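Accompanying notes for the structure given below.
From a predicted model like this one, the values you see are computed outputs, not experimental measurements. Sequence lines set the chain letters: A, B, ... in the order given, protein chains first and strands last, and positions in each chain run from 1.
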Number of protein chains: 2
Amino acid sequence: MAHPAESVFVDSRQRLIEAAREAFLQEGYRASVDRIAARAGVAKQTLYNHFASKDDLFSEVARLASSRIAVSLEGGPTDVRECLLRFAATLRAKLLSDEGLAMFRVLVAEAVRFPALAKAFYEKGPQETARRLAVSLERAMAAGQLRRDDPGFAAELLIGMLVGAERTARMCGLPVRDPADEEVRVHRIIDTFLRAYAPEGTAP
Amino acid sequence: MAHPAESVFVDSRQRLIEAAREAFLQEGYRASVDRIAARAGVAKQTLYNHFASKDDLFSEVARLASSRIAVSLEGGPTDVRECLLRFAATLRAKLLSDEGLAMFRVLVAEAVRFPALAKAFYEKGPQETARRLAVSLERAMAAGQLRRDDPGFAAELLIGMLVGAERTARMCGLPVRDPADEEVRVHRIIDTFLRAYAPEGTAP
DNA sequence: GAGGGAATAGACTGCACAGTCCAGTCCAGT
DNA sequence: ACTGGACTGGACTGTGCAGTCTATTCCCTC
């Protein structure tokens, strides 16, 4: 209960979570409890002092990761195009990073055995991100900067355009595309989206 | 070598592959050899008479499945919109079916341990589908029915719009969306795409 | 009806792993 | 000095599984 004791406690736990995160991302749920404990530099029993089971540890790791993945658009420029460009770059950086892909891979692989975890991940990640994007789009639509349409649907389409194809490719082991072209790629996607959602009565 | 003997042989093998496919789709690579043999109504040793190892069987199943997933646009209507609508419906039916999703889930989960399999899957499935779509788009662009642009890139974006969001949701265990709205959804996506790729100088 | 290839049931080996148990150490705070 | 809680290392149990082996049956072909 005293401070030093508690800090040791938290320390062990934190190290375990961090080690488990790395192990699960690398090996999936296959990562063994022994390897995780070893990676954390901790005895196996210590792991079981903090977590009731391997499933419990896995859930904890997944919940922590889920709470950090939504992408926001707040505080950006007011110009729609600039705002979307920023959003797009951030989203792609997160979802198409090695870590983002590994996280997705593991959660999807275990979604059948941990349905609640997968649902929570979806709600805090993809769904929340889409919701925020939709809010911004709706504002732009109301301001006449974008064609009036279902903002939620538009958000889904944009996110699909931004990550769909490349995520599929990378999930199948394809190498990263030349990062030098990343900016061009993002610009092209956003411009395509803006053409589709140009306010009505505007020449393309 | 005589016919009846061979047909028995093929029979066992076929049943094993089918059973393995079902088992792997349900349980992932976790599906045990014993369960697969039982499901095929066959002794475990028979399985090992046909396949050198579990990995070998898994590879065979994956290769067979990979060879049947590309979606084509040939033989359809010549009108771009009709053509894309047909393509969209077919693509979504395949990729968003329980089986398509399960296949994707399993392959993605094991992509790290079977990189060659994942690559082959990607090339025969997503990549080949995108290539075929790109060919059609290019033709339409040349005919002035679509804005002139990189057809490969346009194909990737369209496929992303068509499956991106919903595949993510379903992979995380979200329930199927009301199939009554499916047609509306496809129409809205295609129309959005067509707005983005309307020939230049056309009012929206 | 004899021979051979395929299939079968089931026992068996060896391994990796989750989870438990225990005897002992290291430190707080008192 | 003593007590209690966290941590350690390592042995141990039980289980599930891939893959092997064997003895036996079945059936087709000649």
Checklist entry - R35(A) CZ to dA16(C) P: how many Å, rounded? => result 10 Å
Checklist entry - Atom CG of D34(B) and atom P of dA18(D): how far apart are they, to the nearest Å? => result 6 Å
Checklist entry - Ignoring hydrogens and angles, are the base of dG19(C) and the side chain of K54(A) linked by a donor-acceptor pair under 3.5 Å? => result no
Checklist outcome for this item: Here the distance between atom P of dG16(D) and atom CD of E27(B), to the nearest Å, is 14 Å
Checklist entry - Hey, are the side chains of F153(B) and L157(B) touching, using non-hydrogen atoms and a 4.5 Å cut-off? => result yes
Item to check | Interatomic distance where CZ belongs to F24(A) and P belongs to dA18(C) [whole Å] | outcome: 9 Å
Checklist outcome for this item: Among dA7(C), dC17(D), dT8(D), the one nearest any side-chain atom of A43(A) is dT8(D)
Checklist entry - Please give, in whole Å, the distance from dG5(C) P to R13(B) CZ? => result 19 Å
Item to check | Nearest-angstrom distance from the residue atom CG of D11(A) to P of dA28(C) | outcome: 13 Å
Checklist entry - Is a side-chain donor-acceptor pair under 3.5 Å present for Q145(B) with R81(B)? => result no
Item to check | Base-pairing assignment for dA23(C) (Watson-Crick or G-U wobble, both under 3.5 Å) | outcome: dT8(D)
Next on the checklist: Less than 4.0 angstrom between a side-chain N/O of H50(A) and OP1 or OP2 of dC7(D), yes or no?
Outcome noted: yes
Checklist entry - Which heavy-atom pair separates P151(A) from M141(A) by the least distance, and what is that distance? => result CA-CE, 3.9 Å
Checklist entry - So what does R30(B) touch, heavy atoms closer than 4.0 Å: a base, only the sugar-phosphate, or nothing? => result nothing
Next on the checklist: Side chain of N49(A), heavy atoms from C-beta onward: which of dC17(D), dG19(D), dC7(D) has the nearest atom to it?
Outcome noted: dC7(D)
Checklist entry - Taking OH from Y48(B) and P from dT13(C), how many angstroms apart are they, rounded to a whole number? => result 17 Å
Item to check | Residue among L84(A), L85(A), L162(A) satisfying side chain to side chain contact (heavy atoms under 4.5 Å, CB included) with I189(A) | outcome: L162(A)
Checklist entry - Under a 3.5 Å cut-off for both distances, is dT30(C) Watson-Crick or wobble paired, and to whom? => result dA1(D)
Checklist entry - Which whole-number value in Å describes the distance from L47(B) CG to dA6(C) C1'? => result 14 Å
Checklist outcome for this item: By the Watson-Crick or G-U definition, both distances under 3.5 Å, dT20(D) is matched with dA11(C)
Item to check | Short N-O contact, R21(A) and E99(A), less than 4.0 angstrom | outcome: yes
Item to check | Among dT8(C), dG9(D), dA18(C), the one nearest Q45(A) by side-chain distance | outcome: dG9(D)
Next on the checklist: Judged by each residue's nearest nucleotide on DNA chain C, which is more toward the 5′ side, K44(A) or T46(B)?
Outcome noted: T46(B)
